[in-house]
A.B. asks: 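There's a structure below that I have some questions on.
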Amino acid sequence: MLTPQAVEIELQKLFEGEQLAVLSTVQNEQPYASLVAVTATDDLAAIVFCTPVTTRKFENLSANPRVALLINNSRNQASDIYQAVAVTAIGKAGTVADGERGALAALYLQKHSHLKDFLRADSTALVKVAVERYIMVHNFQNVYEYKVAP
């Protein structure tokens, strides 16, 4: 069994090593999944990504801010079933407020500098997911829940 501190360390290592996540949104009872480039704040309280405002994912999260993100370190190998870590982050998404935009954009670009022009486009929204909890599956069957401090 992992301690809460060990789970937090595993989450931080996962975000350091992985660039992409699957975003799950829903609108009119229809789920929708999208691949997004993400980064997390140091305290794991928020996950940030950017998307054009014309996308279905943006329309969906604007209508219903409840989202889930799946982040994992699998490498499409048979050993992944026992060695990979998969995490579901659950929270509420919304566009980043002007007062937070500079800091969160800088954090995002530290990891995704290749997306600088995309992020700065007028048609792109910077989205922040306020994470309520993480559910981590470790070594195939070990499930841990990590609640973010309010």
Side-chain angles (χ1 to χ4, degrees), residues 4-5 7-77 79-81 83-138 143-150:
Q5 294 81 9
V7 171
E8 182 176 0
I9 290 168
E10 286 291 322
L11 290 170
Q12 289 169 337
K13 286 189 333 190
L14 184 67
F15 278 107
E16 288 171 9
E18 301 305 318
Q19 298 208 18
L20 302 174
V22 177
L23 171 71
S24 298
T25 59
V26 66
Q27 188 177 38
N28 300 325
E29 298 183 31
Q30 179 62 51
Y32 184 72
S34 309
L35 199 60
V36 291
V38 298
T39 193
T41 57
D42 290 341
D43 63 1
L44 300 171
I47 298 172
V48 182
F49 66 91
C50 57
T51 184
V53 296
T54 57
T55 59
R56 181 170 295 168
K57 68 179 146 284
F58 187 78
E59 178 184 336
N60 288 357
L61 68 86
S62 295
N64 182 347
R66 303 285 312 154
V67 300
L69 288 143
L70 177 69
I71 307 99
N72 76 85
N73 65 358
S74 66
R75 299 292 180 245
N76 204 27
Q77 304 290 320
S79 60
D80 286 345
I81 199 75
Q83 296 175 357
V85 174
V87 171
T88 300
I90 298 168
K92 291 183 181 175
T95 54
V96 172
D98 288 341
E100 287 184 295
R101 185 168 177 86
L104 289 178
L107 177 69
Y108 186 81
L109 290 175
Q110 284 177 0
K111 188 169 192 175
H112 302 287
S113 60
H114 59 286
L115 295 175
K116 178 175 67 172
D117 293 337
F118 177 61
L119 175 61
R120 293 185 176 155
D122 290 339
S123 59
T124 300
L126 184 61
V127 177
K128 173 183 166 184
V129 177
V131 179
E132 297 164 4
R133 62 190 167 118
Y134 292 92
I135 301 168
M136 181 176 80
V137 180
H138 189 268
V143 180
Y144 303 93
E145 185 170 335
Y146 179 86
K147 293 184 180 179
V148 176

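For this chain, numbers begin at 1 and follow the sequence in order. Not measured: the values here are computed from a predicted model.
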A.B. asks: State whether the number of non-hydrogen atoms from other residues, nucleotides or ligands found under 6.0 Å of Arg56 atom CZ is greater than 12.
C.D. replies: no
A.B. asks: Could you walk me through whether Val137 and Asn72 pass the side chain to side chain contact (heavy atoms under 4.5 Å, CB included) test, one step at a time?
C.D. replies: CA-CA 9 Å; Val137 180; Asn72 76 85; over 6 Å; no
A.B. asks: So which atom in Leu44 and which in Ala40 form the shortest heavy-atom distance, rounded to 0.1 Å?
C.D. replies: CD2-CB, 4.4 Å
A.B. asks: Quick one, Thr39 and Gln110 - any side-chain contact, counting heavy atoms below 4.5 Å?
C.D. replies: no
A.B. asks: Look up atom CG in Leu109 and atom CZ in Phe118, then write down how far apart they are to the nearest 0.5 Å.
C.D. replies: 11.5 Å
A.B. asks: Which heavy-atom pair separates Glu29 from Val26 by the least distance, and what is that distance?
C.D. replies: C-CG2, 3.8 Å
A.B. asks: Only one of Val127, Thr95, Val129 forms a side chain to side chain contact (heavy atoms under 4.5 Å, CB included) with Leu61, so which one is it?
C.D. replies: Val127
A.B. asks: Quick one: does any side-chain atom of Ser74 pair with a main-chain N or O of Ala84 as donor and acceptor, under 3.5 Å?
C.D. replies: no
A.B. asks: Below 30° counts as parallel, above 60° as perpendicular, anything between as tilted: where do the rings of His112 and His114 land?
C.D. replies: perpendicular
A.B. asks: Do Glu145 and Ile90 make a side-chain contact, defined as non-hydrogen atoms from C-beta onward lying under 4.5 Å apart?
C.D. replies: no
A.B. asks: Per the side-chain hydrogen bond (donor to acceptor under 3.5 Å, both in side chains) rule, which among Lys92, Lys147, Arg66 passes with Glu132?
C.D. replies: Arg66
A.B. asks: What do the steps show when you test Leu35 against Val22 for side chain to side chain contact (heavy atoms under 4.5 Å, CB included), and what is the final call?
C.D. replies: CA-CA 5 Å; Leu35 199 60; Val22 177; 4.1 Å; yes
A.B. asks: For side chain to side chain contact (heavy atoms under 4.5 Å, CB included), just list the numbers for Val48 and Lys111, CA-CA rounded to whole Å, side-chain angles, deciding distance to a tenth of an Å, and then say yes or no.
C.D. replies: CA-CA 11 Å; Val48 182; Lys111 188 169 192 175; over 6 Å; no
A.B. asks: If you take all heavy atoms of Val85 and Glu10, which pair is closest and at what distance?
C.D. replies: CG2-OE1, 4.1 Å
A.B. asks: Does Ser62 reach the main-chain N or O of Phe58 with its side chain, forming a donor-acceptor pair under 3.5 Å?
C.D. replies: yes
A.B. asks: Please round to the nearest 0.5 Å and tell me the distance separating atom OG1 of Thr25 and atom CD of Gln30.
C.D. replies: 9.5 Å
A.B. asks: Rounded to the nearest 0.5 Å, what separation is found between the OG1 atom of Thr88 and the CE atom of Met136?
C.D. replies: 11.5 Å
A.B. asks: Would you name the heavy atoms of Leu20 and Ile71 that are closest together and state the gap between them?
C.D. replies: O-CG2, 4.2 Å
A.B. asks: If we only count heavy atoms from C-beta on, is the Val131 to Ile47 side-chain gap below 4.5 Å?
C.D. replies: yes
A.B. asks: Heavy atoms only: give me the nearest Ala37-Leu115 pair and the separation to one decimal.
C.D. replies: CB-CD1, 3.9 Å
A.B. asks: Over 60° means perpendicular and under 30° means parallel, so classify the ring planes of Tyr134 and Tyr146, tilted if in between.
C.D. replies: tilted
A.B. asks: Do Phe15 and Val87 touch side chain to side chain, with heavy atoms closer than 4.5 Å?
C.D. replies: no
A.B. asks: Any heavy-atom pair between the side chains of Leu126 and Lys128 that's under 4.5 Å?
C.D. replies: no
A.B. asks: For a quick test of reading the model, state the closest non-hydrogen atom pair linking Cys50 to Leu119 and the distance between them.
C.D. replies: CB-CD1, 3.9 Å
A.B. asks: Could you tell me if the side chain of Asn60 sits less than 4.5 Å from the side chain of Val67, heavy atoms only?
C.D. replies: no
A.B. asks: Are Pro4 and Tyr144 close enough that some pair of their side-chain heavy atoms sits under 4.5 Å apart?
C.D. replies: no
A.B. asks: Enter the distance from Glu59:CD to Asn64:CG here, rounded to the nearest 0.5 Å.
C.D. replies: 12.0 Å
